[in-house]
Amino acid sequence: MKGWVGASYMAVRRQDQVAPDEAVTDGYSLLGFQAGYRLNTVGQHVLIVRVENALDTKYRDHLSRIEDRNFVMPGRNVNVTYRWFF
């Protein structure tokens, strides 16, 4: 097989069982995709494209150390990788 595609889905529920000094955080869902292709028949050269948080969902991880003024986690991320196996 020269190429492949895939998807990922992560669902996190609302965190409302917290310690006295902690804040409640809402739940969220993240969707991602990936595709890869072997550039030659031996498979030594591989190109991979990934999209994380494809819907650009605004969310906050419970107990995140990101300061309150930066309320949400980073948004959509696109990653292109080239791998060379020798």
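Being a predicted model, the structure only gives us computed values, none of them experimental. Index from 1, following the sequence.
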> Under the side chain to side chain contact (heavy atoms under 4.5 Å, CB included) criterion, do Val12 and Arg14 qualify, and how do the steps go?
Replying inline: CA-CA 7 Å; Val12 178; Arg14 175 182 167 92; over 6 Å; no
Please enumerate all residues that pass side-chain contact (heavy atoms from CB on, under 4.5 Å) together with [X], with sequence neighbours excluded.
X	answer
Val5	Ala35
Ala19	Glu22
Ile48	Trp4, Val46, Arg50, Thr81, Arg83

Say you draw a straight line from [atom1] of [X] to [atom2] of [Y]; how long is it, rounded to the nearest 0.5 Å?
X	Y	atom1	atom2	result
Asn53	Asn77	CG	CG	9.0 Å
Asp16	Asp26	CG	CG	10.0 Å
Met10	Tyr59	CE	OH	6.0 Å

>> Please enumerate all residues that pass side chain to side chain donor-acceptor pair (under 3.5 Å) together with Arg76, with sequence neighbours excluded.
In response: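 Arg76: no side chain to side chain donor-acceptor pair (under 3.5 Å) contacts found.
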> What pairs with Ser29 under side chain to side chain donor-acceptor pair (under 3.5 Å), at least two apart in sequence or on another chain?
Replying inline: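 Tyr9.
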>> As a quick check of understanding, evaluate side chain to side chain contact (heavy atoms under 4.5 Å, CB included) for Gln44 and Phe86, giving each step before the final call.
In response: CA-CA 7 Å; Gln44 292 176 326; Phe86 56 94; 5.8 Å; no
>> Testing the basics here: between Tyr28 and Arg60, what is the closest heavy-atom pair and its distance to 0.1 Å?
In response: CE2-O, 3.9 Å
> Do Val49 and Asn79 come close enough that some side-chain heavy atom pair is under 4.5 Å?
Replying inline: no
> Under a single-linkage rule joining Ile, Leu, Val, Met, Phe, Trp and Tyr whose side-chain heavy atoms are separated by less than 4.5 Å, which residues share a cluster with Val78?
Replying inline: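 ILVMFWY cluster around Val78 also holds Val51.
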